[in-house]
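What follows is one structure encoded as structure tokens, with my remarks underneath.
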Amino acid sequence: MSTERPFGKYGGQYVPEALMPALEELNEAYERYVLNNEDGFVDEFRERLRDFGGRPTPLQYAEQLSARYDRDIYLKREDLLHGGAHKLNNALGQVLLAKYMGKERIIAETGAGQHGTATAMAAAHLDMPCEIYMGETDISRQRPNVFRMRLNGAEVNPVTTGRGTLKEAISETMRDWAATVERTHYVIGSIVGPAPFPSMVRDFQAVISEEAREQLRDQTGSLPDSVVACAGGGSNTMGTFHHFVKDDDVGLYAVEAGGDSLSVDEEAGVAPNSASLSTGEEGVLHGARTRLLQDSDGQILESHSVSAGLDYAGVGPELAHLVDTNRVSPVNVDDELALNAFHRLSQTEGIIPALETAHAFGFLEAVEAGKRDAALGETVVVNVSGRGDKDLETVVEETTARDIDAGPDMDLFRQVGRSAGDGK
Amino acid sequence: MSTERPFGKYGGQYVPEALMPALEELNEAYERYVLNNEDGFVDEFRERLRDFGGRPTPLQYAEQLSARYDRDIYLKREDLLHGGAHKLNNALGQVLLAKYMGKERIIAETGAGQHGTATAMAAAHLDMPCEIYMGETDISRQRPNVFRMRLNGAEVNPVTTGRGTLKEAISETMRDWAATVERTHYVIGSIVGPAPFPSMVRDFQAVISEEAREQLRDQTGSLPDSVVACAGGGSNTMGTFHHFVKDDDVGLYAVEAGGDSLSVDEEAGVAPNSASLSTGEEGVLHGARTRLLQDSDGQILESHSVSAGLDYAGVGPELAHLVDTNRVSPVNVDDELALNAFHRLSQTEGIIPALETAHAFGFLEAVEAGKRDAALGETVVVNVSGRGDKDLETVVEETTARDIDAGPDMDLFRQVGRSAGDGK
Amino acid sequence: MSLEAVFSEESAFIPYLVAGDPTYEESMEYVEALARGGADIIELGLPFSEPIAEGPTIQQAIVRALDGGMTPDRYFEFVEELAVDPTLVCMTYYNLVYQYGESDGPESFVERAATVGIEGLVIPDLPAEEADQLRAACDEHGLDLVFIVAPTTTQERLERIREQVSGYIYVQARLGTTGARADLSDRTAETLARIEDWQVPKAVGFGIATGDHAQAVITAGADGIIVGSALVDIVADGDNKGINTTETASRIENKAQELKDGALAGTSQQPAPEKQ
Amino acid sequence: MSLEAVFSEESAFIPYLVAGDPTYEESMEYVEALARGGADIIELGLPFSEPIAEGPTIQQAIVRALDGGMTPDRYFEFVEELAVDPTLVCMTYYNLVYQYGESDGPESFVERAATVGIEGLVIPDLPAEEADQLRAACDEHGLDLVFIVAPTTTQERLERIREQVSGYIYVQARLGTTGARADLSDRTAETLARIEDWQVPKAVGFGIATGDHAQAVITAGADGIIVGSALVDIVADGDNKGINTTETASRIENKAQELKDGALAGTSQQPAPEKQ
Ligand SMILES: Cc1ncc(COP(=O)(O)O)c(C=O)c1O
Ligand SMILES: Cc1ncc(COP(=O)(O)O)c(C=O)c1O
């Protein structure tokens with residue numbers, strides 16, 4: 001299978017031998033159930049996505065943003081999916097597949113906690129025991145999501161190695177998998193990792209573009225001029241792009257986290273951004289050859305973004321390939337643009353986006369302000385990959401700490417912070 | 001209009017004279033736009049509910065609960081509505097109506113913050129300035145919702161009178177309205193208040209039962225044996241019941257908050273519950289004659305429930321009428337049953353419900369355990385009125401403080417609490 | 001004296017206080033001070049837990065009175081015990097009226113009110129549409145039922161209110177809730193003009209705080225002035241600062257006098273009243 | 001000595017340490033202690049920031065070595081400077097191999113490794129399927145490429161690995177990551193049986209911690225034992241407790257001796273080896 005290399009030079013299976021048989025088993029299951037709908041897997045998956053997940057999600061015309069940018073802006077509302085982000089499409093697909101494969105236990109990594117909560121929800125729904133690995137740092141900055149996973153009955157295993165964030169959590173989950181592979185399925189949270197994960201996760205997420213393409217044609221009779229999505233690992237991105245890839249005239253923009261800055265501090269081993277498509281280089285991480293943030297030796301850099309879900313040094317191999325072949329344009333938006341976009345969308349459209357998602361909207365504004373050059377055209381579809389409830393504390397902190405033009409007056413937040421604190 | 005008395009002896013318009021003309025104006029608008037679809041109001045409302053709100057919401061067969069209770073349990077998934085609760089159906093309807101009426105400003109009260117956030121979202125979406133009145137106590141116990149309202153651009157006005165909860169917030173919003181009635185619309189958050197609010201809010205919420213009835217017939221070919229919904233003011237309740245009221249064979253159960261206990265402490269002026277249908281008496285509150293928690297003099301009692309959204313001394317006049325005429329069965333579930341149900345639904349179905357909603361599920365369990373007597377029948381529709389993200393802190397606190405059988409081991413919660421605290 | 005009769009003599013000064021604010025005994029002295037200060041009618045508030053028509057000043061007075069143990073029964077005792085000249089009107093919310101006594105409905109309340117010597121009722125959350133039952137009980141027991149007209153009241157509603165009202169009509173000077181203000185609203189004159197031909201005396205309230213206000217309102221054509229928050233402010237101040245009751249009572253008396261004098265000064269500037 | 005040649009003499013003891021753990025100089029002494037203790041081959045780890053196959057012990061060693069400034073270039077200097085008898089194998093992850101040198105690809109790394117005297121590579125995240133490029137480079141520069149077989153490895157995959165492997169085959173004793181354990185897995189014998197007829201020497205690793213383990217593994221049919229965490233634990237202990245380098249080195253030497261002795265004791269119990 002790895003010989004197929006659907007993503008050019010990217011992809012592959014760079015994992016310990018102990019996991020290879022599991023990948024072969026998974027690949028076979030992927031082909032049988034997902035690609036060939038054996039035993040009605042795909043039908044059951046779609047039915048559960050509809051009844052449990054709430055699909056289809058709407059494609060909404062955004063009145064205020066369309067006026068502001070003088071283009072027709074359509075929002076694909078993945079924030080309305082159960083759990084609050086696109087993540088459930090994949091988590092539900094994989095947990096269901098694990099069930100078809102006869103696995104008895106689910107493990108997953110999580111950074112922001114969105115994939116972890118989606119997996120915990122799917123596992124509860126399908127009655128599978130579930131353990132989530134999460135870095136200690138992320139555990140303390142994403143408290144509500146830790147609660148949600150625990151409430152759904154999942155164990156949350158704190159990862160104390162390294163900086164205690166997503167990268168370490170993935171490594172740790174792979175280690176668990178290597179020890180328990182026979183009865184355990186590892187639900188990877190994005191289009192990363194060894195084959196067949198990148199293709200499989202994309203297929204589960206592709207429902208986003210399948211619906212959006214159809215919905216836009218129903219609403220306008222035509223295809224969009226461009227499609228915009230944020231990119232961390234890239235699962236919402238490829239999900240939103242997939243069915244448009246063949247439509248050559250549709251521009252595809254993958255918006256990465258520019259973080260504080262695009263430059264790298266080799267000494268400290270830190271890239272103050274997560275822009276692996278824009279600034280990274282080919283390498284091998286977490287089972288796949290892809291574009292990475294790494295130093296000149298090949299050591300992986302610590303990434304940074306105000307949004308925990310984009311804070312990752314790698315990216316899906318398929319996106320790397322589509323960027324190399326000029327089908328997808330990699331762009332990036334820094335923390336400040338993203339925060340401004342967060343507030344703008346909240347205030348003008350009544351949709352509080354995830355900070356990850358806010359990056360996609362930051363790109364629209366950057367183009368409008370002439371800070372980025374892109375021919376977005378008349379009609380733009382933007383994926384609202386998730387809602388921002390999980391980010392409230394971060395946004396309040398970061399907005400108070402910086403000078404965010406579009407932010408509201410922060411006084412009441414401080415006041416509430418105090419009285420809530422006092423009340424305990 | 002008040003002479004029509006659609007709810008028997010309940011309802012009416014017990015408000016200051018200054019507001020009466022506004023109610024007449026509203027009633028006229030209600031008849032023109034809502035009842036007669038003038039200028040295509042209803043079409044626009046439904047379109048926005050679909051594209052912005054995410055309707056229809058699914059009717060999901062709940063596998064684990066059905067097995068547990070040996071009945072077919074169907075979940076109406078209002079938790080998937082934008083904002084996370086049924087509240088948007090009403091808020092969007094009223095803000096849109098205000099726009100049709102030429103009003104320039106929106107005000108609303110909120111208790112748990114769910115109606116406030118829904119109104120703030122709808123107002124942002126429709127580009128209307130918005131102010132929300134919220135009791136100081138609620139402000140400090142519902143922090144995330146305060147943030148969300150502010151982020152959506154709404155002003156949040158703290159109400160310091162009384163105990164600083166919903167009852168005081170309603171009174172205060174009425175006062176604002178009395179001063180600004182000419183250009184302001186007051187978006188009441190439940191089927192309470194003076195006519196035409198109870199009918200109008202019900203009509204906006206009736207989409208729940210319209211869909212559920214149709215969906216169940218599609219899925220099973222028949223009607224349910226019973227329909228269960230929690231009842232605070234009763235808007236999700238009547239929304240879920242409305243289209244079944246005429247189906248005489250369908251049992252309708254309104255589940256109130258039993259709080260700590262059903263008995264009343266007249267001395268302290270406190271009813272440690274919010275069960276106005278089960279234990280209250282006829283009276284006049286906030287513009288309507290209905291069933292109330294009051295002392296023998298007619299002073300309104302402070303209500304109590306672990307769920308802020310049910311914590312209200314009154315109830316919609318229509319529900320009071322349907323209870324008097326034996327069409328609706330009023331039942332109640334105490335804090336502990338509700339907390340257990342919260343955990344059970346989270347763990348077995350992968351749906352973290354609002355604490356309000358958890359009461360509806362607590363009723364199923366109480367019937368199963370023989371603690372309540374009700375002929376629920378084979379097929380039961382339960383309204384999942386909202387999601388529990390807003391309640392995480394409360395649940396963790398209350399579960400830790402009590403002995404909740406169905407709760408998970410609370411250790412990680414405490415640990416996270418600590419490290420999050422330390423991290424700051 | 002019957003309510004209408006009061007107005008036949010001179011411009012009426014109608015102060016409002018909450019019975020039992022801050023305690024039964026103090027409140028008794030303050031009401032007596034109003035009488036000494038020239039009150040013609042006293043609107044005596046029976047405190048209700050959800051006073052939706054009141055601004056912050058009166059809301060707080062209500063909280064004080066409830067905390068002080070005021071109930072409908074105590075209220076009636078209070079009125080019985082009270083030995084003052086001015087005609088007494090009870091101002092409260094409908095739920096207390098409705099719940100009073102053994103059986104539901106307003107009858108028991110009205111009967112008891114009549115017994116203790118109350119001449120009229122003002123129920124701010126009871127519009128004309130909902131008032132039939134209470135109107136009937138008042139008629140039976142010889143009480144007047146005062147209604148409010150607001151700046152927003154439509155012509156159609158004016159007719160409805162006109163049919164129901166007796167004693168006096170309470171002209172709400174401005175939109176909003178009760179509370180003392182620094183200025184007077186133009187809308188007062190407008191509203192007065194709209195009901196110029198009504199037979200019933202017109203008393204203006206909401207926001208009147210000084211003798212000058214009083215004078216201006218009477219000059220604009222009112223037959224009386226209703227003053228609440230400006231007086232309640234003095235009670236609150238006395239309570240907050242621990243001023244002794246006699247001192248507070250005398251401040252209330254002085255304020256009452258200022259307002260009564262203002263009203264009288266206004267009368268002399270009015271076009272000759274057509275006495276009814 | 002070439003890798004296969006090592007095994008032709010007696011059961012091989014193959015210890016593992018992370019180069020540069022906790023510092024360049026200390027690490028140098030510890031590796032020398034391994035040699036003194038009887039190591040036949042040394043697997044010298046080049047630390048990578050994402051060591052997905054390692055358990056906690058080696059993860060921490062890697063963090064120490066990276067913090068101590070270890071890089072691929074320093075690693076090669078380290079190997080050059082090292083004057084020991086045992087044959088050296090470099091154990092690292094593929095990204096470091098791939099990135100080394102001016103142009104992408106494994107050639108530069110292999111060339112440099114050969115120059116400094118490394119005889120073979122173990123790359124735990126490089127399965128046979130992805131190894132063609134590296135295999136070619138190793139062939140060109142005369143390095144062996146060691147592969148791992150796991151308890152889960154299927155028959156089909158065994159064939160694929162058999163085609164690619166040289167030097168020795170690393171038999172993973174159990175599922176999971178590296179780390180010293182108290183017991184040995186049955187699955188070791190099972191795996192050894194499955195590859196009994198392979199020409200290449202079989203070294204067993206993952207969890208071997210004592211001389212007794214070593215003996216048991218060799219008795220079960222292995223040609224060598226690979227021991228990492230049990231040795232790294234000593235380094236960690238020395239570092240944590242501030243034990244001096246000489247003392248730690250001698251503890252390492254002792255442990256090495258125990259393991260080597262165990263392996264030799266195992267040999268005598270083995271069925272007479274068919275020498276290839
Ligand atoms: C809302 C949301 N959007 C986007 C992402 C980024 O992931 P991906 O690029 O795989 O879609 C995340 C990850 O947590 C997320 O939660
Ligand atoms: C999720 C949810 N359910 C129910 C309620 C109770 O309101 P009602 O009885 O009007 O539906 C609330 C009120 O905040 C709520 O947030």
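Atoms considered below: every heavy atom in the structure, side chains included; atoms not considered: hydrogens, waters and symmetry mates. Everything numeric in this text was worked out from a predicted model, so none of it was measured. Every chain is numbered from 1 and lettered A, B, ... according to where its sequence line falls, protein lines coming before strand lines.
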| request: Given side chain to side chain contact (heavy atoms under 4.5 Å, CB included), test Leu96(C) with Gln299(B) step by step and report yes or no. | output: CA-CA 7 Å; Leu96(C) 296 191; Gln299(B) 303 290 7; 3.8 Å; yes

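Looking at Leu301(B), neither its backbone nor its side chain comes within 4.5 Å of chain C, counting heavy atoms on both sides. For Val149(C), the part lying under 4.5 angstrom from a heavy atom of chain B is the backbone only. Within the 4.5 angstrom heavy-atom criterion, no atom of Ile123(C) approaches chain B. Using a 4.5 Å cut-off between heavy atoms, Pro151(C) does not touch chain B at all. Heavy-atom distances place the backbone of Pro124(C), and not its side chain, under 4.5 Å from chain B. Interface residue Tyr98(C): only side-chain heavy atoms are found under 4.5 Å from chain B.
The main-chain N or O of Glu282(B) is found under 3.5 Å from a side-chain atom of Gln99(C) such that the two form a donor-acceptor pair. Under a 3.5 Å cut-off, the side chain of Ser49(C) and the backbone N or O of Ile300(B) do form a donor-acceptor pair. Of the possible donor and acceptor atoms, one in the side chain of Glu130(C) sits under 3.5 Å from a partner among the backbone N and O of Gln13(B).
Looking at Val284(B) and Leu126(C), their side chains never come closer than 4.5 Å, going by heavy atoms from C-beta outward. Under the 4.5 Å side-chain criterion, counting only non-hydrogen atoms from C-beta, Thr153(C) is not in contact with Met20(B). When side chains are defined from C-beta on, Ile148(C) does not count as touching Pro16(B), because their heavy atoms never get closer than 4.5 Å. The side-chain heavy atoms of Asp295(B) and Thr71(C), taken from C-beta on, include no pair separated by under 4.5 Å.
Once rounded to the nearest 0.5 Å, the distance linking CD of Glu182(B) with CG of Leu175(C) reads 5.0 Å. Between Thr160(B) atom OG1 and Gln60(C) atom CD the span is 7.5 Å, to the nearest 0.5 Å. One finds the CG atom of Asn95(C) at 8.5 Å from the CZ atom of Arg289(B) (value rounded to the nearest 0.5 Å). One finds the NZ atom of Lys9(B) at 7.0 Å from the CG atom of Asp104(C) (value rounded to the nearest 0.5 Å).
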Identify all side-chain donor-acceptor contacts of residues 110-117 of chain C below 3.5 Å with residues at least two apart in sequence or on another chain.
residue	atom	partner	partner atom	Å
Arg112(C)	NE	Tyr100(C)	OH	3.4
Thr115(C)	OG1	Glu111(C)	O	2.7

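In this structure, Thr152(C) and Ala18(B) approach most closely via the heavy-atom pair OG1-O, 2.9 Å.
Residue with the most contacts toward chain B among Pro56(C), Pro72(C), Gly55(C): Pro72(C) (heavy-atom pairs, distance under 4.5 Å). When each of Phe48(C), Phe147(C), Tyr93(C) is checked for heavy-atom pairs under 4.5 Å with chain B, Phe48(C) comes out on top. Among Leu19(B), Leu285(B), Asp297(B), the residue making the largest number of heavy-atom pairs under 4.5 Å with chain C is Asp297(B). When Ala53(C), Pro47(C), Pro51(C), Ala131(C) are compared by the number of non-hydrogen pairs under 4.5 Å with chain B, Pro51(C) comes out ahead.
Atom CD of Glu281(B) sits in a sparse spot, with 12 or fewer heavy atoms from other residues, nucleotides or ligands closer than 6.0 Å. Glu267(B) CD: 12 or fewer foreign heavy atoms inside a 6.0 Å radius.
Within residues 168-181 of chain B, the residues approaching chain C closer than 4.5 Å by heavy atoms are, in numerical order, Ser171(B), Glu172(B), Met174(B), Arg175(B), Ala178(B), Ala179(B), Val181(B).
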